[in-house]
Every structure is written in C-alpha cells, then in structure tokens.
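Only one structure is covered here, and it is reproduced in the block below.
Any value given below was found using the heavy atoms of this structure, including those in side chains, with hydrogens, waters and symmetry copies removed. The model shown is predicted, which means the values in this text are computed figures rather than measured ones. Every chain is numbered from 1 and lettered A, B, ... according to where its sequence line falls, protein lines coming before strand lines.
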4 protein chains.
Amino acid sequence: MTVIDECPMMHAKATTVEAPDRCLLSRLLDSRKATERLIEPLEPEDLCLQGMAEASPPKWHLAHTTWFFETLVLKPHLPAYSGADPCWSFLFNSYYDSIGSRHPRPERGLLTRPAIRDVITWRHHVDRSLHTLLQRPAHGNCKLQPLVELGIQHEQQHQELLLMDLLDGFGRQPTEPVYCNSWDDTADPCSGSEANWLNMEGGLVAIGISGEEDARHRDGHQGDGFHFDNESPWHRTWLEPFQLADQLVSNAEYRNFIADGGYERPELWMSEGWVMRGQRGWQAPRYWRGDGPASAWAWEFSLAGRQPLDPHSPVRHLSWFEADAYARWADARLPTEAEWEIAARLQGQRLAQLHGVLWQWTASPYRPYPGFKAAPGAMGEYNGKFMSGQFVLRGSSFLTPAGHGRDTYRNFFQPGSRWLAAGIRLAR
Amino acid sequence: MTVIDECPMMHAKATTVEAPDRCLLSRLLDSRKATERLIEPLEPEDLCLQGMAEASPPKWHLAHTTWFFETLVLKPHLPAYSGADPCWSFLFNSYYDSIGSRHPRPERGLLTRPAIRDVITWRHHVDRSLHTLLQRPAHGNCKLQPLVELGIQHEQQHQELLLMDLLDGFGRQPTEPVYCNSWDDTADPCSGSEANWLNMEGGLVAIGISGEEDARHRDGHQGDGFHFDNESPWHRTWLEPFQLADQLVSNAEYRNFIADGGYERPELWMSEGWVMRGQRGWQAPRYWRGDGPASAWAWEFSLAGRQPLDPHSPVRHLSWFEADAYARWADARLPTEAEWEIAARLQGQRLAQLHGVLWQWTASPYRPYPGFKAAPGAMGEYNGKFMSGQFVLRGSSFLTPAGHGRDTYRNFFQPGSRWLAAGIRLAR
Amino acid sequence: MTVIDECPMMHAKATTVEAPDRCLLSRLLDSRKATERLIEPLEPEDLCLQGMAEASPPKWHLAHTTWFFETLVLKPHLPAYSGADPCWSFLFNSYYDSIGSRHPRPERGLLTRPAIRDVITWRHHVDRSLHTLLQRPAHGNCKLQPLVELGIQHEQQHQELLLMDLLDGFGRQPTEPVYCNSWDDTADPCSGSEANWLNMEGGLVAIGISGEEDARHRDGHQGDGFHFDNESPWHRTWLEPFQLADQLVSNAEYRNFIADGGYERPELWMSEGWVMRGQRGWQAPRYWRGDGPASAWAWEFSLAGRQPLDPHSPVRHLSWFEADAYARWADARLPTEAEWEIAARLQGQRLAQLHGVLWQWTASPYRPYPGFKAAPGAMGEYNGKFMSGQFVLRGSSFLTPAGHGRDTYRNFFQPGSRWLAAGIRLAR
Amino acid sequence: MTVIDECPMMHAKATTVEAPDRCLLSRLLDSRKATERLIEPLEPEDLCLQGMAEASPPKWHLAHTTWFFETLVLKPHLPAYSGADPCWSFLFNSYYDSIGSRHPRPERGLLTRPAIRDVITWRHHVDRSLHTLLQRPAHGNCKLQPLVELGIQHEQQHQELLLMDLLDGFGRQPTEPVYCNSWDDTADPCSGSEANWLNMEGGLVAIGISGEEDARHRDGHQGDGFHFDNESPWHRTWLEPFQLADQLVSNAEYRNFIADGGYERPELWMSEGWVMRGQRGWQAPRYWRGDGPASAWAWEFSLAGRQPLDPHSPVRHLSWFEADAYARWADARLPTEAEWEIAARLQGQRLAQLHGVLWQWTASPYRPYPGFKAAPGAMGEYNGKFMSGQFVLRGSSFLTPAGHGRDTYRNFFQPGSRWLAAGIRLAR
C-alpha cells in the first residue's frame, strides 16, 4: 500500500463543505469525485471486502451510488440516456422493493465483476449524463433539484458507510491493515475532567423540520436547507426539565465501567443486550485490543491501524446496549432525541462534540414523527420502512462528510450495532 | 379428554373478580386455585407441551408461579419454611438473573419430572405456608402486602400465558385438539358496520400512575389499586388532536386487506416485518385455516378447536407488523399508548371492546416513562429489563383474568409475536 | 413414580426368547405386549418426551409400530379392516417416502394427541385384527409370514429404541429420573485384566446370509431364521490375518485414555470427529457424570438413575469417533465387520461379550453387500436407503430383546451418535 | 479482463508433464511457476473471491502452497532461512493441527492483506531459498527428495483446487465471468452411442502401492514413481466378476434421467441425499443453466463462461448422491475403487476417459487400506485424518495437471460435493 500523507477523507471533508449558494451541479460533481478519492489508498483486493452481512464492499458503494442516479434521475428524466447492463440494476439495488428484486445482501462481496475499471467508467458516464441533464434549460430542473440534492446526500451517506464498512473488514484481519497513516481522529478530545451538567428547563417545545406541505408552521424552526423526510413534520412535544452532559464519555471513563464489572453485571443491562453480550463475547468496545487474553486494553484499531488507546478520546464503536448499560452504571440515562435536539438548538455553543466527532445514541426508538407520511414509490422506502427495531442517533461523526450533518438529523441503527462511529452523551 | 361444559377459564374469570375490600389471603388462595383449574381439561401428556421456545408447558407455569411465592415471599419472610428440592429453583426460575442460573428456556418441555403430582403437592405446601404467613399478627404484613399482591398479579399473568401457550402447542398438532368445547370467545363482536371515528382534542395530558414516591401528583389520575412499576411515574405528554376507532378491526375487514394483496405489497410493511413475513410464510393471521393450499380462509383454530371463521369477530393473533401494515393499507395508523390511555379514560363509555376482548397493538415502542427507575434486586427485573425491542399493547383480552386489566396497563411483546390474543384498533 | 422391582425390559427379554417352532401369532402378540410393558414405570408426562430430533417419544414408538402393522399388513391383506383416523398415518409414518408425507421428525414430541389411551386402544384393535388375519385358513398366510416376521423384528427394534431414547430424554433432566431401580446392566463385566488377542488366520471367507434368490449358495453359511435384507447376499471376501480382543474395552481402560489427554490430542482423531468433539464439548462418554466441572468422572447416568461408575463394566455410549480415537491411542484399530462376523462364527465360544452387552462399532462404513438389491416399494426403504454416511455395529446390547440379535446382524448409526448402547472391541 | 488466447491451464499442463528423469529442482520451479500463471487472466478483485466455506480464494492458494514449503522444507532444513511474518503462518495453514492454530476457513476471503504483490514476493523468496537448499552438496538431499516431491504434488493439487474454487466463485455471479475464452474442455467426448460393458472376471486381486516398508511385495504392482500414503499398502482383495462401462455417462444420457423424474423419485436416492436434494434445491448438475425457471437446460457454465450444453460431453459437477441415483435408475451401480483400479490396470487401453477428463465417483467410502498407518507429525495429517464421511474418486480430470494422476490415485470428497470436476462411470 502506498502510504499517503493526505487522507482522502480529509480531502472529502474539505471539498464537500456545504455552501447554500453553490451551484448544485458543481456540488454534485464534487461529491461524486470525493467518493472515488476514498479508494485511492486501497489495494485492489480490498475493493470486494465485505466483513459481514450488514457491511458492503467499497466497490459496491461506488456502484450503488451510481445506480441511484441512473435509476432515479437519469432514466426517468433524460430520455436519450443509455444505461448499464440491466443485470447491474439487480446487482446494485440496495433495498428498494418497488424497483425490483436484487442480489442478496450477504453476498455482495462475491461480486468481483464488474471490475473496478468498469465501475469507474460507469460512474463517469453517469456523471457526464448528469452534467448534460442539469445544464439543460432550467424549467424542468426545478423538479429535479430535490432529487439531485437527495442523490448528493445519499452519496455522502455512502462515503461514511464505505469507511465504516472498511474499518469492519480491516478489523477482521490479523494483519491489521492501515488505511491511512496520517489519519487523525483525535482532534476533538474530551476535557480530561468530568463532564458538566447543562440545565435545560424543558416544557412544550417543537422539534423537526417542516416539509413543504406544512409550511404554515415555519416560524420558529429550522428548515432552509435540505432535510430527509424522517426529520419532518415539525411538531410539538413536552419535555420535563433535564440535564445534559456537555461532553461525551471518554475512554478513561468507560474503562472504569469495565473495571467495575460492567460487562458482568446483568442488572445494568437490557435483557436483550445481556443475551447478545454473552453470545457475541463482548468485553469492551468493538475495536479495543489487548496484548493477550488477560491483559488490559491498551490499543485501539482504527483507520490508522493499531494505535495506543487514548484515555481522553471519546469512547466509540459500542452498541446501544453498552451505551445504555454505561448510563445506568453512571446513575444517568441516555437523552431522548427531543432533548438532544432542543439542547443543541438552544445551547449549541456550550455543548462540546455535538458534530463531527461521534454519533450519539439516544433513548428514542426510531419511529415516525406525528403526521409523518412516507412518499409514494421508491423515495418512500428511503427512510420510512425502517421505523421498527432501531434507535435514533444524533449529531454526526468524524467520518461524516462536512456539511452533511445538522441538529435535526435522525440517524438510526439496530441497538446491537457496533461498527458505526457512535459514542455516549449522558443525560439525567 | 372429558368434554366439560363449564370452561375452567370462565370459572377463573368469575372467581377472581377484583374486589378492593376482599381479604388479600382469600384473593390469593382463589387465584392459586384458579390456576389449577385450568389444567383440568388436559390430557397428562399436554402438561409438558412446549410448542416453541417462547412458550412454556402448562406444568411449568404451575411450578414457576409456585417458585415465585417460595423464593420471593416465603424464604425471606417465613423463617421456618422448608422449601422444595434446591434443583427446582434452577428449573423454575424464569428470567431472574439476580437469583441465579436457570434451565434453558427452549428446553422447558423436556422437564417431564417432577411429575404433576409432585408439583401439585408443592403448590399446596406453598399455599399452606402462605396461609400461615399471612395470618400472623399483622404488624409485619404491611410490608408483605405489596409483595403478595404482586404474586397474585403474577399468578394471573401466567393464567393467560398458560392458555396462550397451550393454544400455540395445540395449534401445531394435526389432530387439532379441543381444550374446551363450550369455550365461547365471540361474546363481544364488532358491529358489522364500519367503525366510527371518535374525535379527541389532545393537548397537554398526563398518563400513567404515581408510585408512592410521587404521591404529590395524585390529583386527576388513577392510582388506588395495584399497578406494575412500568405504569409509573405519572407524567405529562403532548398530544396533537387525533381520532380513534370506536371498535376493533373485524375478520371481514382483515379479509379485505388480504384480498387486496396485503401480504404481497412491500410498500405497506416495515422492512423488518416484510422479511419476517417471507421467512415465516405469513399469509393470514396465525390461526386462520383453509381447506387446502389455494382455498379461502374459512376456519379459525381456537381453544374450542377448529371453528368457522366469524366475519364479525375482531381479527386476532397477528403480529405488530401485520397490524401496522393493515393500518397503512386502511389509510390510518396505530394509536400511541398515550392516545389509547387518554381516550380510554375520557371516552371509555363510547369505545367498544376496550377490555376483555383483545390486547391492542400500539405505535409505541416499550420504553420507560420519564423518571422511571427499576427497583433494586429481583423485583427490578420484572418489567424493567425488557425495555428494548418490544411494542406496547393496551387493553386486555378474553384470556385475561377478570380484574387483572386496567387502562394504564402496559403489556409488551416483540413485534413479530403472534401467539398472544392481540388485535387492531385504528387511529388517525 | 412407582418403583417396581421387576424391570419391564427384563420381562420383555424373557418373554420374547426366540423359539423357532413357536407359533408366529403367539410370538407376535407376545412382542406386542412386551412393548406396552415398557411404559409401565413411566409418568404420563414421559410419554411425549423427545430429548432431541433423532430420538422419539415413548408414545410415538407405540403408535408407529402399530401404524406399521396397520399399513403394511392389515390394510393390504384384511379387506374388512377399518383403520384409524387417516391423519394418524401422517403422524406415525417414520421415513417411508413411498407411503406418503409425514409429520416432521423433530416435532414428534409435540404430538400430545392422540392420548395414550387412544393409542393403546388402537394397538389392541390392531392386535385383534392381526389375530383374525392370521387365524384364517392358512393358504394366504404363507405369503404373510415374512411380512409378519418383519413386523415382529421391527417391534423389537423399537423396544430397544424406546429405551435408548428414554435414556437420552431422562439424561437431559437435572432431576435425573430413575426408570427402574432394580435395573442391572452390569451382569457381564470385563475380566479386570487386559484383553487377550485371539489369532484369526483370515483368507478367503464368506459372510452374510443368502436371500431366497441365492439359495444355491447355502452350504457353509447361516440362514435358517429371519434376517434383514441388508445381511444378504452371502458373499466372499478376503481377510488378511488379524487379531481380535476377547473382551470389550472397560471403563477403567477408557479412563486411562482420558487421563492421557485423549480428548485433547488431534492426532488421535479423524478430522470430522475432532471438529465435532469441539463443537459438542465432548470430554467423556455421554452419560459419565462428575461432581463438578473439574472433578473426576465418578458416576454414570443410566436407566437406574445415577450410579457409581464401575471400572470393570465395558465403556458405553460413545461415538464411532471416540471408539476410533481410543483404538488409535491403544495402538490398535476397530475390526471390520467381516472380521467380527468370521471371528464370532469360528471363535464365538472364546470371545466374551459378543451379544447382549453392547453394540460394537466396526471400521466398516455401512454399504450394500456385493449384489444387494433393495426390494421394491416400502420394504426397500427399510434398510437400503441409509447406506451412506453411517458405520456398521455388530453384536447386540443389554437393551436388545432376547433372540433379536445374531452374528450376521448389521446395525448402523452415524459416526457421531452416542445415545445408542455401543462400546469398543479392538482388533489389530 | 484481457481475453487471452492461450489458457494458462493448458500451459500448466504442458510444462508440468512428468518426466521421471527430470531434475527435481527444475520440476519444482516449473510447477511453482505454473501456479502463478493461473492467475494471469484474473481481475485483481478475483484474487480474494471465496464463493463458499469449502473453497479458497486464488491468492490464498498461492500463499498456502508457499507456506507449505516454508514450514515443512525450509524452516527445518535451511538454517539460515528467514521466514515471513509469523502471522502469515496462522493465515495460511490449511488444516495442520500439529503445526498450530489457524485462521477460520470460511473467512479466507476476508484476507485482503497481504496484498498479491507481497504474496508473489514471498513466493519468489521461497523459490530462491528452495533453489539454494537443493543445490547444496547432495548428501542431505536424499532425505529431502520425498519431501520436495510431496511439495510438488501438493502444489499441483492446489492448481486444480484453485480452478475448481474459481469456477464456484464465478458461478455465483450473475455476470457470469469468463476465465479464458479459448478454454476447451470438450476434447474427449463420449461416443454418442451407448457405452459397452467390459467384462472383468474378478477373483483374488491386489491393489494399491507398496510403501518402502512393504517392498517385499513389489512383484506385480505399480510403485516406481511418487504416491501418496493413502495408496499404500499394496494388498489383496476379492472381487466377484463384474462389468464396467467403457465410457462415462454423457449429458444426453443424464438428461434422460432428469426427464424421467430422476430428481423427484425418492426410491432412487440414498435418504441422506434425498434430504440434501430438497434442502439445496438440486434439479440438475451444478453448472447447468436454463433460460428461465421452467425452461429446458440448454447451457452450462464453465471456465469459458456460459456455453451451449454439449450432449456428447460427459456429465460433470454432480454429487455422489446424484451419481448413485443415476446408476440405480440405469439399473447399474457405481464401481468399487478396487474394480476401477483393476480394470484400469488390465484393460486401460479399452476403457475411454480414464484420465484427464473427469474424476469418477466410486461406491467405496474413503477408508484406510488394510495395514495403513499415518506418518507421525504434520505429514500424517495430509490424508489420514479424512478417512470418514467421504467417498473415493478415481481417475483425474481436465483440471488435473498433466502427470499428476495415476491409476492408484485415491481422491476423496464428501458425497454432497458438486464443485469438483466429477462424473459417472457405471458398473454392474
């Protein structure tokens, strides 16, 4: 592997900075290019690496995001567009039932073909076609703008997924590969002292973003830029007074939880998590490493390879069950998503590590906001059909492309997931 | 099997009617006896029948409820008490980690020993000891009263579970056994016409029941009788205006959903439910039966054996995923648990089938109320550790012992569960 | 359980002694009765006990053997015969594809109905009908005789299976039930000193039994009584000189193997067995018991409950893989089935424990003898379709009904099976 | 992919022709080079392709064969040798328990690192070291010669495995990749008419090859070149007269079996195979393809991609269970391995397609020859520990490197395996 000094992700972050007035096409092409830069440090064999059924290989991400534009933007809106081999539509559909059947998810790693060369060629063909489409006289493009914007956001989500999934796949290899030597994800450490509790008075508050259909509620809430459907509608909710920690839980603090038997005390855990802990042999966050079975956890595996475990870095890569158990041990709890959003809006300047560090598990199951209605067709499948069995995370992580996160963003994962870059912020 | 005219469950309902002023001991002994009456119609082989890992055999229920009193009431409070074989504590602990290890749940059906004779003897020994304990001079009993009350409620819950589990086990047998010929669970049918929508204005409401610690909030809420810890604390929540159907969805209405392709249209389903539907081959509610693979659903299996499917009976034995998909198909949704509780409190007399018919799936994941804290020790495991991955059901069912349900009751099951007596009430 | 002095199995052995000149009908009815006596010491709940997918509940054995006579003897040959509920044919067919579909094997334990009462009534109805059939004028019965004889042998096989399966199901219960207090299976112990090696000169030998079709080969081989199709044809095979141990391996000898790391040394094991050993956690024969995780093996579970492990008893209830590994450790090997049969025929009087003690694993995969052809129809499924993936055992066990075994008998099980009463005789 | 005209495998066959007098070192280096040529037509992503747990990725084969020489030849015999990263020994050990623990087989496809560049560098380092070792003064090399010879044979086995495994991995991709356009494996077709039955008289014959220890038996048997341990000892066995088909079963003949309901008639199958057929949905040989679910089988997937199914080619890629069922349907049977070997030795010139076409399933379970003893240490694990649960195949296939096969060769696979290049020769 060529060790490169400038991490592609850092570059991606820089180039995709959100600028509301930037040309849509230019932002689109920048984000497409940023995705391709992510695979520059990889060996060719890495391109098909799928560490587990929930993850996807890098090449698949490159192909799927291209499929997204081809299927949802170009084919319906650019009549002359000539698409790829129809079989690819089967291969690179992720989960859109309304579009057709698809290759089984756990076998994405078997797709050594089409080769990366052909996928890149396809990407560029699609990019050129998008260029053609979006430079046509503007009248039709008003309708296209939200769709293309969604495509950009989707592309950015897969930039983060690509790296998450890669870390998972690298983490399963005894050789402990390095993605990028100069990767530095410790830029925003915890303070080294205990978190302060920020007092929030609660009451009748409103969260979320209005969709177009409820524009009459626009006063007093966010809503100028892009948002996903699941962030709307803007709606009222009641909060009792609460306190929120002004920083995330650190590795040092989490080590105390382990030392105090946190992984051996069922009274701290949800029953479902306790069983999972046993079956999967959890003893520490996912990428902590020791020097032997009985040794202390002295290392952490990361995209920069094995690194000393930094006590001041926020603890990461743990499941909702671990976050919930830690909170109970600390005589606290996880915040609800409404608490998180209100605090971020009102006290954003006093709360450290809100964005760009780690996704933050909340106490809230992922469910529709009151009045939510999924859009018809494939777009309605984007977020709406996952509203059972998952928990909401708020904020954004060091893997999230710059400009992608916002206070109303609702990320969601199953509570046993550990491969996303998630951490803990306490409430009480 | 001796076909008996009077169903034991009917008798159980009658004898356990809640009367606030009845003597605790007498209510206790009545409920203990009611459990035993439930096995009267069974063949001896039925006593160890465990149809699936989630269900338990009848004998196990009889033993476990006895273990509960022995372990949590008698051993700590009656010094002279001589318990059963210590091995039985391992066999009949359900899920209390704080009490010790236990026999694996999926293998409860293998426990042919102790024989029913010995379990009944044990039950009577425990009942006599409870009699001794509770007739002692009263000073110590104030403390015991809540514990014994919990034991009665626990006993009643297992009366319902025993019958649910039995129906599951009978339903797996090609011989389609009859539990009770005179069983009649069609006493409270739907009206035969469409449900009416009851208007509720919402606003800032309060639900739940105060625990002792928040007695200062007592005005305006329920709270005189028993409640489980998960029903407290009493707390405020905001509701937008909503409408609630004044009756449950009927078999005839659900048949329309099936006829309209309800089980073949992914856009109606949560993704998780859609996958489960395919893997488990769901095509109709769990106990609907046809005369052949391609035939219409003309029958329903029940505790009275195979019966003609009554179009006016409320549809039952379906999962949360099916209830949720049905609601989407009907251009409606499931109510939240707060909506259900408020409507039941304010409009209870105008809402049919609230209690004693079917548990009603809500849109609410089962999570702690704001401020909830699990009790220390085994009691804290009763409800508190299951607050992930499940949905709340409200009301009570035709299998629920009389007096056991109430408007604030929070039943909970995993969303794929179909063996409980659950149905659908729509909201919008 | 009523502790009974005379074990039903002992009785069964006594009553079923083979007498070539005994009336077929009387032998048939005796063997039918012997099966029923086996369940006398059981609790009713035991009747549906199925410890694992490979085993069947006692009641199922009683029903299946009855199904066998009804389906293969009565229905085709007694025109007036009125059979049981057609559904029972589905429930109690074991593995006969040519007869129709059947209830899934792992769910036999769920069949609490028909109740034992109804199964016994059915048995007696079938017995009476067999009585009627076999007392008709004899001309048609010549053809029936082999079929009825097969039915008797089949009944006897299930007598052994019933007890094997029961031991398995009892062995999974922490209460360690006793089938029969007076059960004594130590009647034929090892000598206490090392086995002697009996010299056999080998050469061109012949084994097996002629079927009717090869009666011309009758000189010099067995063949007067009943035999299964898989014991024929009589055929020649070449044996190099070999030695056979004159007794089985004892518990004391096997304990030395364990003490010498037998379960931790992969070089002693077939690869397939080594993996299975790890996955299933094998550390000793199946029913050996210790007083704690680290203790010595001081006990053995048996049909008489937990008993002290007798060092002089032949070691039993181990897999082919364990037998094969032990043999390698002992610098010996397992005999082929031809070696066993020739030695038994020529030196039967000098070889201890040939019959009635333990089945003896051989080195021979279970395959057809040269020239073997399965019969057409259901009878051809009896043995012929299992001739892959299994190993042959020779001899017979303390569970085998008297008169059922013979030197040419080919029993067969998968090499990982441990619940049959099998032991080890060494060769070299 | 660069479509290349000359297939690497063809080249490999040519360069590795056995010449008894060729220099060992030169044969070694040729065979090492031949392996590397096999990956020339591949895309980089193909290098880690592992279609199923039983198969290995191409890069893994390249690394494992190198590990073999490093571990078993260089480290023990070349004191100055400096080996690869010790971690690689864990990664590339296949199944040698005596050497240490190893990476789990089903996860070989996750090993994207070391990259192919590093594996090739390692190969060349090992090749140079072998060159050094084998050019030392000869005295020590006598001992080394058998070890190096085993290494060459091992290398050749993995050449075949690499292509088998690749075909499996390619066959799972909807894009149906082509390994080599000019691949031609139809060079040795069936005659187009029915096979002739060759009469063999049987009697007391001898098969196998003497090891050094039984050199006294050398007259009348093969034994000059290399052989694996499982081919010895030379030993006598008795054969009844038999007939052997002079060619393999063709695609056209096998199509008749399918058309006659071969896959729907349980009476033709071993019970174990019948169940497997149902679970895995077998309806035809593994790589047969149709144009739709109900269409005829018109195509076959191969290393040359999808090709028209040639009726005259011998049917291939089917399991032992299918071969056995076909034979039963054809009123014949599979030959035993002794029959095959004797016929090949005595009538080799009259039997078509003995070598270089397809491996041929025999009726013989893979078991040790009488007197076989596995060598001590790692070498004893090569063949000896797999002698349960598998069947012997004789001959060699179009994927077998030239010079690798011989009449006494005992290949072995589990009876459900379909990804090896195996076909059917009938006997009766």
| Which one of A:G109, A:P174, A:G51 has the most heavy-atom pairs closer than 4.5 Å to chain D? | A:P174

| note | Bottom line for D:E176: the part with an atom under 4.5 Å from chain A's heavy atoms is neither

| By a 4.5 Å heavy-atom criterion (distance strictly below it), what part of A:L91 contacts chain D: side chain, backbone, both, or neither? | side chain

| task | Any chance you could measure D:L47, atom CG, to A:L47, atom CG, to the nearest 0.5 Å? | result | 11.0 Å

| Which atom pair, heavy atoms only, marks the closest approach of A:Q173 to D:R113? | OE1-N, 3.0 Å

| task | Verify the neighbour count for atom NZ of A:K75: are there more than 12 heavy atoms of other residues, nucleotides or ligands below 6.0 Å? | result | yes

| request: Decide, yes or no, whether a salt bridge links D:K59 with A:E45 under the criterion of side-chain N to carboxylate O below 4.0 Å. | output: yes

| D:L110 portion near chain A, given a 4.5 angstrom heavy-atom threshold | both

| said: To the nearest 0.5 Å, what is the distance between CG on A:L49 and OG1 on D:T112? | reply: 5.0 Å

